[in-house]
Amino acid sequence: MRIHETFTEKDRLEHRINHLRNEMIRSAAATGLNSHMTIYYSQKLDKLITNLSKAFLSYG
């Protein structure tokens with residue numbers, strides 16, 4: 001993968017992370033920290049952050 005493609009993937013992941021973080025915050029405010037949806041968003045967010053970290057380590 002070329003560096004330009006890596007930045008594109010990084011940008012895409014960062015955008016998805018920010019969007020999902022906002023969804024998780026809205027869910028927690030509306031339904032509580034322990035609601036099914038808040039936990040769902042949190043778990044998806046964890047996976048995206050892990051993917052971003054792995055991508056950084058692979059190309060850093």
Visitor: Restricting to pairs with a member in residues 41-51, which pass side chain to side chain donor-acceptor pair (under 3.5 Å), not counting sequence neighbours?
Guide: none
Visitor: Using distance only, find each side-chain donor-acceptor pair of residues 16-25 under 3.5 Å and give its atom names and separation, not counting sequence neighbours.
Guide:
{"residue": "Asn18", "atom": "OD1", "partner": "Arg21", "partner atom": "NH1", "Å": "2.8"}
{"residue": "Asn18", "atom": "ND2", "partner": "Glu14", "partner atom": "O", "Å": "3.3"}
{"residue": "Asn22", "atom": "ND2", "partner": "Asn18", "partner atom": "O", "Å": "3.3"}
{"residue": "Glu23", "atom": "OE2", "partner": "Arg26", "partner atom": "NH1", "Å": "2.6"}

Visitor: Minimum heavy-atom separation for Gly32 to Thr38, with atom names?
Guide: O-OG1, 2.9 Å
